[in-house]
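To keep things clear, I will list the structure first and then write my remarks on it.
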Amino acid sequence: MATGHTTLSRRMGWGISSALAVALLATTLSSPSHADTPDGSFAVRGGDNAVLLWNRQITSALNVNNQGSAHPTPPPVGARTFAIVHTAIYDTWAAYDRRAVGTQRGGDLRRPWAERTEANKRKAVSFAAHRALSDLFPLQQALFDEQLRAQGYDPGEARSQAPAPGSPAAVAATATDALLTVRHDDGSQQKAEPAYATPAGYYQPVNPPQDVNAFNKATLLVPDRWAPLTVGGATHGFITPHFATVKPFVIEDPAAYIPPAPPKFGSADANAAIDAQIQRNANLAERQKAIAEHWQYRGSSSSSIPQEWAAFVSKRDRHALDDDVKMYFALNLAQGDEGVVDWKTKVDYDYARPITMIRYAKAGEQIQGYAGPGKGTQTIDGSQWRPYLNTPAFAAYGSGHTGFTAAGAETLKQFTGSDRYGATGTIKAGSSKIETAAPAQDIGLKWNTFSAAALEVGESRLWGGVHWEFDHTAADEQGRKLARDVWAKTQNYINGTHKEAAGG
């Protein structure tokens, strides 16, 4: 399966089942249609097209960029990365389509009909991806150069300061640079040192740090607000809170997507959520542990998950280059804007994680809880409650995993016209990095629909103990609403009817 998850599978010890590969080959597929080119050529069907190649390169870049870091790539940073690269690809591709308009230059880069060949499109979108990735990950320039060489292109031409006017290199440079100029000033701090550093004074937690191995109830000032955690002597601050005010890609008002407030500590709903999470944690099945670990995606970003779903659709439905340009454009504009909305939700409500609110509520009480690797469930003091997974360093409400995958599932439903998915996978026996020799045997996975896959990802965070049920349900509704609105806007670009991009 040619997805970003292939790389992650090898690194994490997870395996994609052979049944999936067979299914990809055996599925009855619709007949391909002619591309919008003067020679009527088809996209390359025998291997990954340029969009799939570069999408996998994005995931690889996120993995490499994370090496040596105490944290995975911040989810909104990952989402922004995918969105920028695929918007650069789309804006460049639009110059070779008869109707589509770019997000920055409208239709003023439109090439003559005779130049709209498959070869020109492939080259142009590859140069656009290379240029965008080189800007986002300047230390990985050599890797991106190698990808171009593997496709038969000259990296020197891609970086030329004076490409031949009207050439694929010139189109890619003009379209991509227009986009990068806007995104450099979007509030993300991409060009800060270090990249994406939070501006001084942007966010201050109301609670002092809590040592995960020495909880002190007396120092937790507001139990339903987020508290930094100290792990092994290092205190982890709120990661990238400034993404709450980053410029969205297409939506106009992030505040319009903010869900209702989560329950206050001491309320019936909050008490019920605490009790439900304690019960869930104390009764974890091996399968639930394995799935929780499977979907945590430490190396890249939770926004990477829908990328593999899209790659499956590309293979299943035998997409041409044009199809994947449009699919990944819509998918990743939704991911990029979901990153802004989800982080605004987290910062606005600043809601506590289970590890602090449960400990505060149950300190001094004897409860059943997961006691750590190899220890199973034991009777513990409530102040010692611990989740199965490590708690991320940002507020709980709402779930980023849920929001990104709900937006991804909804976008792919819109694109394909159906919720049907059909992928399978396998979590290999003994592959856990948390429990020894777990799972005891292979665990088969199957997702009949995109919605089922998104639901599993969201629930995995509940089993992992890092989220509340309402984090999940609120993010699911919010992510789907956002995705539907983003879908409508992307169609206006693709159909050439966008009101702000009617040039050319």
Side-chain angles (χ1 to χ4, degrees), residues 3-5 7-9 11-12 14 55-56 58-63 65-66 69 71-86 196 238-241 243-244 246 291-311 328 331-346 353 387-412 425 447 450-451 453-468 471-476 478-480 482-483:
T3 71
H5 190 60
T7 301
L8 292 173
S9 297
R11 184 178 59 79
M12 296 176 65
W14 306 118
N55 190 70
R56 195 161 61 245
I58 300 169
T59 295
S60 176
L62 291 169
N63 289 336
N65 202 55
N66 181 58
S69 171
H71 300 287
T73 300
V77 172
R80 177 181 180 272
T81 300
F82 280 109
I84 287 176
V85 178
H86 282 290
Y196 308 109
F238 199 124
I239 297 176
T240 59
F243 265 75
V246 162
I291 290 175
E293 192 174 352
H294 177 68
W295 288 122
Q296 67 178 328
Y297 268 49
R298 275 202 53 80
S300 54
S301 168
S302 45
S303 56
S304 300
I305 298 171
Q307 312 301 322
E308 68 186 67
W309 302 351
Y328 278 99
L331 173 64
N332 286 298
L333 284 187
Q335 297 294 291
D337 281 356
E338 173 61 27
V340 175
V341 171
D342 192 63
W343 248 243
K344 180 172 175 57
T345 305
K346 289 182 180 295
R353 290 279 183 172
Y388 181 68
L389 299 177
N390 292 331
T391 297
F394 37 81
Y397 188 76
S399 169
H401 269 66
T402 297
F404 287 120
T405 55
E410 190 64 31
T411 301
L412 292 172
W447 310 282
F450 300 120
S451 294
L455 177 63
E456 181 180 277
V457 174
E459 289 183 336
S460 78
R461 306 303 279 171
L462 306 182
W463 299 331
V466 298
H467 274 296
W468 308 103
D471 295 345
H472 166 62
T473 55
D476 183 77
Q478 173 266 311
R480 290 179 183 277
L482 180 144

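Sequence positions, counted from 1, serve as the residue numbers for this chain. Keep in mind that the numbers below use all heavy atoms, side chains included, and drop hydrogens, waters and symmetry copies. Being a predicted model, the structure only gives us computed values, none of them experimental.
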Answer whether the closest heavy-atom distance between the side chains of [X] and [Y] falls below 4.5 Å.
| X | Y | value |
| --- | --- | --- |
| Pro75 | Asp342 | no |
| Ser304 | Phe82 | yes |
| Pro392 | Ile239 | no |
| Arg461 | Trp295 | no |
| Phe404 | Val457 | no |

Does the [X] side chain pair with the main chain of [Y], one donor and one acceptor, at a distance under 3.5 Å?
| X | Y | value |
| --- | --- | --- |
| Thr81 | Val77 | yes |
| Arg80 | Gly336 | no |
| Lys346 | Gly398 | yes |
| Trp343 | Thr240 | yes |
| Gln335 | Ala407 | no |

Could you state the interatomic distance from [atom1] ([X]) to [atom2] ([Y]), rounded to the nearest 0.5 Å?
| X | Y | atom1 | atom2 | result |
| --- | --- | --- | --- | --- |
| Thr405 | Arg480 | OG1 | CZ | 8.0 Å |
| Gln296 | Ile291 | CD | CD1 | 13.5 Å |
| Leu389 | His467 | CG | NE2 | 10.0 Å |
| Thr59 | Glu308 | OG1 | CD | 9.0 Å |
| Ser460 | Leu462 | OG | CG | 8.0 Å |
| Trp447 | Leu455 | CH2 | CG | 13.0 Å |

Which heavy-atom pair separates [X] from [Y] by the least distance, and what is that distance?
| X | Y | value |
| --- | --- | --- |
| Asp476 | Ala406 | OD1-CB, 3.6 Å |
| Val340 | Val246 | CG1-O, 3.5 Å |
| Pro306 | Leu412 | O-CD1, 4.4 Å |
| Gly465 | Pro387 | O-CB, 3.4 Å |
| His401 | Ile305 | CD2-CD1, 4.0 Å |
| Tyr328 | Ala311 | OH-N, 3.1 Å |

Checklist entry - Taking the six-membered ring for Trp, are Phe243 and Tyr196 parallel (under 30°), tilted (30 to 60°) or perpendicular (over 60°)? => result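 The arrangement is tilted - the two ring planes meet at 30° to 60°.
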Checklist entry - Are Thr402 and His472 close enough that a side-chain donor and a side-chain acceptor fall under 3.5 Å? => result yes
Next on the checklist: Would you say Gln307 and Asn332 are linked by a side-chain donor-acceptor pair, where the criterion is simply a distance under 3.5 Å?
Outcome noted: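 There is such a pair (donor and acceptor under 3.5 Å, judged by atom type) between the side chains of Asn332 and Gln307.
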Item to check | Non-neighbouring partners of Asp337 that pass salt bridge (charged side-chain N to carboxylate O under 4.0 Å, His left out), sequence neighbours left out | outcome: none
Next on the checklist: Evaluate Arg353 against Trp468 for side chain to side chain contact (heavy atoms under 4.5 Å, CB included), listing each step before the verdict.
Outcome noted: CA-CA 8 Å; Arg353 290 279 183 172; Trp468 308 103; 5.8 Å; no
Next on the checklist: Go through it in stages, so that I can follow the logic: the residues are Glu293 and Tyr388, the test is side chain to side chain contact (heavy atoms under 4.5 Å, CB included), and I'd like the CA-CA distance, side-chain angles, deciding distance and then a yes or no.
Outcome noted: CA-CA 9 Å; Glu293 192 174 352; Tyr388 181 68; 3.6 Å; yes
